[in-house]
2 protein chains.
Amino acid sequence: MLADLGQRIEPLGLTLTEMSVLQLVAANPQIRQSEIGQVLAIKRANMAPLIAALEARGWIHREAIDGRSQGLRLTPSGETLLVDLKVCITENERWILRDAPKQDPSQLIKTLKAIWTAKA
Amino acid sequence: MLADLGQRIEPLGLTLTEMSVLQLVAANPQIRQSEIGQVLAIKRANMAPLIAALEARGWIHREAIDGRSQGLRLTPSGETLLVDLKVCITENERWILRDAPKQDPSQLIKTLKAIWTAKA
DNA sequence: TATTGTTATACTCTATAACTATA
DNA sequence: TATAGTTATAGAGTATAACAATA
């Protein structure tokens with residue numbers, strides 16, 4: 001499933017990890033790098049170049065929270081990208097469900113979300 | 001889900017990739033490295049050290065098919081390992097289903113298998 | 001000429017440790 | 001003293017290319 005999604009977002013110029021970061025920033029404006037790292041299980045040391053790359057491409061920008069923390073937000077360009085991203089995700093879900101037993105196509109997503117929520 | 005399974009099989013001394021290879025060898029005695037690589041999307045060049053490591057630990061052995069091909073089989077030690085492996089997999093499935101909606105715990109596995117079969 | 005397996009090696013991803021600056 | 005972020009770097013995992021031996 002993730003391999004398919006990875007291929008779909010490749011033309012947008014980002015990886016699955018970067019996609020997750022952007023979604024997290026979109027859903028949590030002013031989030032800090034360290035918080036993203038905790039949620040996505042990415043080490044602080046690896047967040048630095050990751051965020052720098054997203055900033056260099058103009059998708060996010062930083063605002064100082066205090067002297068040592070910086071809050072992240074999507075730029076307008078980042079918001080636009082997120083729309084395209086959601087199209088890819090929707091197509092990916094359709095592709096997944098295409099071969100699921102007919103009875104209730106959305107049951108799978110509901111079940112997976114329930115499991116994910118319980119574990120996280 | 002895979003992260004949990006990875007932790008469960010770690011005490012057995014193998015990785016998820018090695019687990020997949022062993023299962024494939026168990027289900028297809030006399031299989032060739034190149035065939036495993038095709039199924040699991042592992043490059044030939046990376047199969048060499050992978051198989052060598054499994055052989056060094058006494059879990060598989062090679063039999064010449066012809067001058068350039070070698071068929072793989074589990075050793076008795078490998079068969080024993082596979083039993084322990086299946087216990088881990090069963091525990092992993094139980095762990096996954098524990099937080100699935102009650103209605104039909106096995107529906108998820110059936111659905112995922114149907115999807116997997118259709119894609120592969 | 002195509003295939004099986006191997007080696008060498010580069011690239012990416014992730015992990016650890018040490019550092020600066022700030023709370 | 002603890003935390004946010006950075007840098008340097010080592011270790012996996014995975015990629016390409018070139019090779020030998022055989023079909």
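Order of the sequence lines sets the chain letters (A, B, ...), proteins ahead of strands, with each chain counted from 1. Because the structure is predicted, anything quoted here is derived from the model rather than measured.
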message: Using a 4.0 Å heavy-atom cut-off to protein, can you give one letter per nucleotide of nucleotides 16-23 of chain C, 5' to 3': B if the base is in contact, S if only the sugar-phosphate is, - if neither?
response: BB----BS

field: Distance-only donor-acceptor check, side chains A/Gln70 and A/Arg32, under 3.5 Å
entry: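 No, A/Arg32 and A/Gln70 have no side-chain donor paired with an acceptor closer than 3.5 Å.
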
Rounded to the nearest angstrom, tell me the gap between atom [atom1] in [X] and atom [atom2] in [N].
X       : N      : atom1 : atom2 : result
B/Met19 : D/dG13 : CE    : P     : 14 Å
A/Gln38 : D/dG5  : CD    : C1'   : 13 Å
B/Met47 : D/dT16 : CE    : C1'   : 18 Å
A/Arg62 : D/dA4  : CZ    : P     : 15 Å
A/Glu35 : D/dG5  : CD    : P     : 8 Å
A/Ile31 : D/dA4  : CD1   : C1'   : 14 Å
A/Gln33 : D/dA4  : CD    : P     : 11 Å
B/Leu50 : D/dA12 : CG    : P     : 14 Å

query: So does B/Ser34 get a side-chain nitrogen or oxygen closer than 4.0 Å to the phosphate oxygens (OP1/OP2) of C/dT3?
result: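 The answer is no; no side-chain N or O of B/Ser34 sits under 4.0 Å from OP1 or OP2.
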
task: Would you mind telling me which of A/Leu74, A/Ile60, A/Leu72 makes a side chain to side chain contact (heavy atoms under 4.5 Å, CB included) with A/Leu54?
output: A/Ile60

field: Heavy-atom closest contact (A/Val25 atom, A/Ile36 atom, distance)
entry: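 Looking at all heavy atoms of both residues, the closest pair is CG2-CD1, 3.8 Å.
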
- prompt: Relative to the 5' end of DNA chain C, which residue comes earlier, A/Ile42 or B/Ser69, by the nucleotide with the nearest heavy atom?
  reply: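 Between the two, 5'-proximity favours B/Ser69.
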
Residues B/Glu91 and B/Lys86 bridged, charged N to O under 4.0 Å: no

task: Give a yes or no answer on whether the side chain of A/Asn92 reaches the backbone of A/Cys88 with a donor-acceptor pair at less than 3.5 Å.
output: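 It does not hold such a pair.
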
query: Between B/Gln23 and B/Ser20, is there a donor-acceptor pair closer than 3.5 Å when you use the side chain of the first and the backbone of the second?
result: no

